[in-house]
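Report on the following structure.
Position 1 is the first residue of the sequence; numbering continues from there.
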Amino acid sequence: MSSKTTVITPDQLAAQFAFCDQIRGFWYEQNITPTAYVETYGCQQNEADSEKLRGYLTQAGYAIVREAEGADVVILNTCAIREHAEQRVFGNLGALTHTKRRHSRQKIFLCGCMAGETKVSDRVYKSFPYVDGVFSTHHLWQFPEILWNVLTRKKRQFYIEDEPGSIAEGIPQVRDSRLKAWVSIMYGCNNFCTYCIVPYVRGRERSRKMADILAECRSLVENGCKEITLLGQNVNSYGKDLDENVDFSDLLAQIASIEGDFLIRFMTSHPRDASKKLFDTMAKHPKIAKQLHLPFQSGSSRVLKAMNRHYDRETYLEKVRYAKSVMPDLVLTSDVIVGFPGETEEEFEETISLIEAVHYDALFTFIFSPRVGTPAARMEDPTPKEEKNRRFDRLCAVQNQISERIHEGYIGKVFRCLVDGTDKDLLTARTEGGRLVRFEGDPGLIGSFQNIRITGATTWSLTGTLEN
Ligand code: SAH
Ligand code: SF4
Ligand code: F3S
């Protein structure tokens, strides 16, 4: 493990549990059952972190509720990836003045990736005096202590010191779903793509020990979990910082050997590190979903270099070709940025041609958003906003046509799907590739795998009928 990674010891965690007990006693003496609301922005890493916050809160005696109004604790677990994400948080933070006025006991916290930015913590400190606590992702494991301090001292709490990062095993979790689980296998990122804020707010790459991950997955499967999604900013780097000689493919193979009927997904794969070994491992194990999220960001090798992505157009396409050759039914998705500083019209066209060459099932498309402190924010950016919007619309139109065509090709075929919920009068399910299917059926089927024949398709989803 990296010499800079701090491992939170069982004693340190026990001290946090002691704070939970104290908080429970604090409310018990007042004959109050306190309530808490956690709102999550951003990616699955944040969803997973919110499950830990709810775990701590439950242990401290809080009932988890679904809205901020009237809650004794409100936590905004924030995302810093684009300007728009931050604006939403500040908007919602403003609205909380009113809920707090109506419920004076309410304590408000801001955490997550935005809390790791000095500009944000300064602004909250100065302009949002009713926010009681701010803590960055490095300090999540100390949440009970922060909450206790807020409850018992009159002072606002700021836990925002920057660190390379820590690993804490054993924080309780209240999971959103019994069927599907997020499992973080590593934290942080070392890649420093020039547009990206994540390495600054989540610290250096650090991997959990394989034995800890396997124990968590085993227990999930024993408790009825049918789909495990492994999380990391760059899962292909898993293990590089560990003393054990293991990589991500080894971890996948080990998880796939756990007994039981379940699917394994993972995100995100960095194209530089996605290896033949990874694709062969995926192809070999039926429990690993044939679904790959492989963000390419740009189809232009020059732009990729300026982004510090460490692969070019050709190597990316080469990897996709190999992956498809060993997994003919592979469902491929990706992220792409338009309007990176200095992107020319020709370079944008290279992005379009890459999309047409690869034929992604779905794309997550973004317009470049400058993040303070990142190199790209200081690059010359002569392209006007309207031009970027035009490129964005064109890209979406091209991709929508592709997604529609792929989905139409599903019609008449039968897929094994995990039935995972309801949508109005219909049931919802996901194909192995992660595509959403709606169909008529008995809610008792939720939690089982079923064969579904696809009868209809739109750009975004499918409809079908039970095949049995
Ligand atoms: N670790 C993942 C992605 C994390 S962020 C990876 O490397 O692929 C999710 C997506 O947000 C990125 O893939 C990128 O497409 C987008 N993104 C990140 N920073 C951005 C920025 N400054 N402006 C616009 N989009 C951005
Ligand atoms: Fe950001 Fe790049 Fe790390 Fe992904 S790999 S989190 S885009 S720096
Ligand atoms: Fe956002 Fe942080 Fe995820 S910046 S995308 S919540 S890692």
[Y] and [X] side chains, donor-acceptor separation under 3.5 Å:
{"X": "His293", "Y": "Thr333", "result": "yes"}
{"X": "Asn236", "Y": "Ser269", "result": "yes"}
{"X": "Gln142", "Y": "His139", "result": "yes"}
{"X": "Glu117", "Y": "Tyr200", "result": "no"}
{"X": "Gln16", "Y": "Glu145", "result": "yes"}
{"X": "Thr428", "Y": "Asp423", "result": "no"}
{"X": "Arg272", "Y": "Asn191", "result": "yes"}

Query raised in the report: Listed by chain and number, what are the ring-ring contact (aromatic ring centres under 6.0 Å, His included) partners of Phe340, not counting sequence neighbours?
Result: Phe368
Query raised in the report: Considering residues at least two apart in sequence or located in another chain, which fulfil the ring-ring contact (aromatic ring centres under 6.0 Å, His included) criterion with Phe266?
Result: Phe248
**Report entry** Residues forming a side chain to side chain contact (heavy atoms under 4.5 Å, CB included) with Asp21, sequence neighbours excluded
**Finding:** none
Report task. Using side chain to side chain contact (heavy atoms under 4.5 Å, CB included) as the criterion, list what pairs up with Glu39, not counting sequence neighbours. Result -> Tyr37, Tyr41, Leu76, Asn92
Just say parallel, tilted or perpendicular for the rings of [X] and [Y], cut-offs at 30° and 60°.
{"X": "Phe19", "Y": "Trp148", "value": "tilted"}
{"X": "Tyr316", "Y": "Tyr360", "value": "tilted"}
{"X": "Phe143", "Y": "Tyr56", "value": "tilted"}

Minimum heavy-atom separation for [X] to [Y], with atom names?
{"X": "Val235", "Y": "Leu230", "result": "CG1-O, 4.3 Å"}
{"X": "Thr431", "Y": "Val437", "result": "CG2-CG2, 3.8 Å"}
{"X": "Leu53", "Y": "Cys111", "result": "CD1-SG, 3.9 Å"}
{"X": "Arg309", "Y": "Pro271", "result": "NH2-CD, 3.5 Å"}
{"X": "Cys217", "Y": "Ile228", "result": "CB-CD1, 3.9 Å"}
{"X": "Gly260", "Y": "Val221", "result": "CA-CG1, 4.3 Å"}

Separation of [Y] [atom2] from [X] [atom1] (nearest 0.5 Å):
{"X": "Ser207", "Y": "Met186", "atom1": "OG", "atom2": "CE", "answer": "4.5 Å"}
{"X": "Gln233", "Y": "Cys43", "atom1": "CD", "atom2": "SG", "answer": "5.5 Å"}
{"X": "Ile337", "Y": "Ser369", "atom1": "CD1", "atom2": "OG", "answer": "9.5 Å"}
{"X": "Ser121", "Y": "Tyr159", "atom1": "OG", "atom2": "OH", "answer": "15.0 Å"}
{"X": "Arg202", "Y": "Asn46", "atom1": "CZ", "atom2": "CG", "answer": "5.0 Å"}
{"X": "Leu140", "Y": "Tyr187", "atom1": "CG", "atom2": "OH", "answer": "9.5 Å"}

Query raised in the report: Just wondering, do Asn234 and Glu205 contact through their side chains at under 4.5 Å, heavy atoms?
Result: yes
Requested in this report: Report the C-alpha distance between Phe392 and Phe366 in whole Å, list the side-chain angles of each, state the deciding distance to 0.1 Å, and finish with yes or no for ring-ring contact (aromatic ring centres under 6.0 Å, His included).
Outcome: CA-CA 8 Å; Phe392 183 78; Phe366 308 106; 8.4 Å; no
Heavy-atom neighbours of [X] [atom1] exceed 12 at 6.0 Å:
{"X": "Glu380", "atom1": "CD", "result": "no"}
{"X": "Gln12", "atom1": "CD", "result": "yes"}
{"X": "Asp425", "atom1": "CG", "result": "no"}
{"X": "Lys305", "atom1": "NZ", "result": "no"}

When you measure from the side chain of [X] to the backbone of [Y], do you find a donor-acceptor pair of N or O atoms at a distance under 3.5 Å?
{"X": "Glu432", "Y": "Lys290", "value": "yes"}
{"X": "Ser219", "Y": "Ala215", "value": "no"}
{"X": "Ser334", "Y": "Phe296", "value": "yes"}

Query - Residue pair Glu69, Lys100: steps toward the salt bridge (charged side-chain N to carboxylate O under 4.0 Å, His left out) verdict - result: CA-CA 8 Å; Glu69 191 68 51; Lys100 187 155 178 165; over 6 Å; no
With a cut-off of 3.5 Å and sequence neighbours excluded, list every side-chain donor-acceptor pair involving residues 59-67.
from	atom 1	to	atom 2	distance (Å)
Tyr62	OH	Trp27	NE1	3.0

Query - side chain to side chain donor-acceptor pair (under 3.5 Å) partners of residues 160-177, not counting sequence neighbours, each pair once - result: Arg54-Asp176, Glu169-Arg208, Arg175-Glu216
Query raised in the report: Does the pair Tyr311 and His270 meet the rule for a ring-ring contact (aromatic ring centres under 6.0 Å, His included), with working shown?
Result: CA-CA 10 Å; Tyr311 55 85; His270 191 299; 5.8 Å; yes
Report task. Considering only NZ, NE, NH1 and NH2 on the basic side and carboxylate oxygens on the acidic side, decide whether Asp241 and Arg206 come within less than 4.0 Å. Result -> no
Query - Check against salt bridge (charged side-chain N to carboxylate O under 4.0 Å, His left out), Asp420 and Lys180 - result: CA-CA 9 Å; Asp420 60 0; Lys180 299 177 174 191; 2.7 Å; yes
Report task. Determine, stepwise, if the pair Asp132 / Lys154 fulfils salt bridge (charged side-chain N to carboxylate O under 4.0 Å, His left out). Result -> CA-CA 9 Å; Asp132 300 280; Lys154 291 280 170 270; over 6 Å; no
